[in-house]
Amino acid sequence: MARLQDARAARNVQAIVDRVPFLSFLNVTARVDREGSVTCTLPFQEKIIGNPTLPAIHGGVIGGLLESVALLQLIWSMNTNVVPRTINTSMDFLRSGQARETYARGRITRQGRRVANVRVEAWQDDPVRPIAAAHGHFLVG
């Protein structure tokens, strides 16, 4: 809990990312913009290819990234040391994730006392052309 508080005080979201084994395995990096949105970068690696014919990033990797970014956004934005629990998520895979760097940004659309809604979009070259989007509901209280 103290590490989470220290990371927030230092404005170092990467310290939180480094403690998540899934994100560390994928070499994900994170930053927070001026508006407080968490943006993660997934570097391209051969191990994340799901369809070698295209080649395209595995949908499970993209889905896991989207849900992780949503949780990171909540952890970063909320003034609590409790990790939110996923109620449900809805994923929209809009186009194939090509063999290159992928970005994902979260935005809290509603936060109540017990439940929060988060929207996350992933893109590669242009944020206006997302490759996937997710909407999730999380238990925060």
Side-chain angles (χ1 to χ4, degrees), residues 1-52 54-141:
M1 301 308 163
R3 289 184 183 145
L4 182 55
Q5 292 169 344
D6 293 344
R8 267 197 215 106
R11 299 212 30 92
N12 182 8
V13 71
Q14 188 64 42
I16 300 168
V17 171
D18 291 341
R19 299 197 42 86
V20 179
F22 175 71
L23 297 178
S24 295
F25 174 73
L26 294 176
N27 300 313
V28 170
T29 58
R31 62 182 170 77
V32 178
D33 63 22
R34 281 182 262 167
E35 291 81 37
S37 292
V38 174
T39 302
C40 287
T41 303
L42 171 66
F44 173 72
Q45 304 153 81
E46 287 294 326
K47 66 184 177 185
I48 65 173
I49 292 295
N51 183 342
L54 293 177
I57 299 173
H58 192 284
V61 172
I62 294 171
L65 176 67
L66 291 172
E67 186 172 357
S68 297
V69 171
L71 288 165
L72 281 169
Q73 183 66 57
L74 286 169
I75 290 168
W76 189 254
S77 299
M78 294 173 22
N79 194 16
T80 182
N81 293 326
V82 177
V83 176
R85 295 187 309 204
T86 303
I87 298 170
N88 66 5
T89 56
S90 172
M91 307 277 175
D92 295 322
F93 295 95
L94 306 170
R95 54 184 54 87
S96 65
Q98 298 174 352
R100 58 177 169 258
E101 200 166 59
T102 303
Y103 308 92
R105 179 181 301 130
R107 181 174 53 88
I108 297 173
T109 56
R110 182 183 180 280
Q111 184 174 346
R113 287 183 297 133
R114 297 189 38 82
V115 176
N117 301 339
V118 182
R119 171 89 175 159
V120 181
E121 289 187 345
W123 71 94
Q124 291 184 314
D125 295 326
D126 185 358
V128 177
R129 293 181 37 89
I131 62 168
H135 187 85
H137 300 93
F138 300 89
L139 189 61
V140 295

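In this structure, Leu42 and Leu23 have side chains that are not in contact, with every pair of non-hydrogen atoms separated by 4.5 Å or more. Side-chain atoms of Thr29 and Val17, non-hydrogen and from C-beta on, never get closer than 4.5 Å to each other. Looking only at side-chain heavy atoms (C-beta outward), Phe138 and Val115 stay at 4.5 Å or farther from each other.
One distance of note links CD1 of Ile108 with CH2 of Trp76; it measures 12.5 Å at 0.5 Å rounding. Here the CZ-CZ distance, from Arg11 to Arg31, works out to 12.0 Å after rounding to the nearest 0.5 Å. To the nearest 0.5 angstrom, Glu67 atom CD is 9.5 Å from Phe22 atom CZ. The distance from atom CD of Glu121 to atom OG1 of Thr39, rounded to the nearest 0.5 Å, is 11.5 Å. Atom-to-atom distance recorded for Leu66:CG and Leu71:CG is 11.5 Å, nearest 0.5 angstrom. Going from atom OG1 of Thr109 over to atom CZ of Arg119 covers 9.0 Å, rounded to the nearest 0.5 Å.
Checked by atom type and distance alone, the side chain of Thr89 never pairs as donor or acceptor with a backbone atom of His135 at under 3.5 Å. For the pair Gln73 (side chain) and Val38 (backbone), a donor-acceptor distance under 3.5 Å is present. In this structure, the side chain of Asn12 engages the main chain of Gln14 through a donor-acceptor pair within 3.5 Å. In this structure a side-chain-to-backbone donor-acceptor pair under 3.5 Å is missing from Arg95 to Ala132. Formation of a donor-acceptor pair under 3.5 Å by the Ser68 side chain with backbone atoms of Gly64 is found in this model. Looking only at distances, a side-chain donor or acceptor of Ser24 sits under 3.5 Å from a matching main-chain atom of Asp18. Gln98 places no side-chain N or O within 3.5 Å of a backbone atom of Ala56 that could act as its donor or acceptor partner. The backbone N or O of Leu26 lies less than 3.5 Å from no partner atom in the side chain of Lys47, so there is not a single donor-acceptor pair.
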**OP:** Mind running side-chain contact (heavy atoms from CB on, under 4.5 Å) on Ile48 and His58 for me, showing each step along the way?
**Re:** CA-CA 6 Å; Ile48 65 173; His58 192 284; 5.8 Å; no
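With 3.5 Å as the limit, one finds no donor-acceptor pair spanning the side chains of Glu101 and Thr41.
Of all the heavy atoms in Phe25 and Gln45, the pair that sits closest is O-OE1, 4.2 Å. Contact detail for Met91 and Ala134: the closest heavy-atom pair is SD-CB, 3.6 Å. Closest heavy-atom contact between Phe44 and Ala99: CE1-CB, 3.4 Å. The two residues Val140 and Gly112 make their nearest non-hydrogen contact at CG2-O, 4.0 Å. Across all non-hydrogen atoms, the minimal contact from Arg8 to Ile75 is NH2-O, 2.8 Å. The nearest pair of heavy atoms linking Gly36 to Ser77 is O-OG, 4.3 Å.
Atom CZ of Arg100 has more than 12 heavy atoms from other residues, nucleotides or ligands within 6.0 Å.
Ile57 pairs with exactly one of Ile62, Ile131, Asn51 by the side chain to side chain contact (heavy atoms under 4.5 Å, CB included) rule, that one being Ile62.
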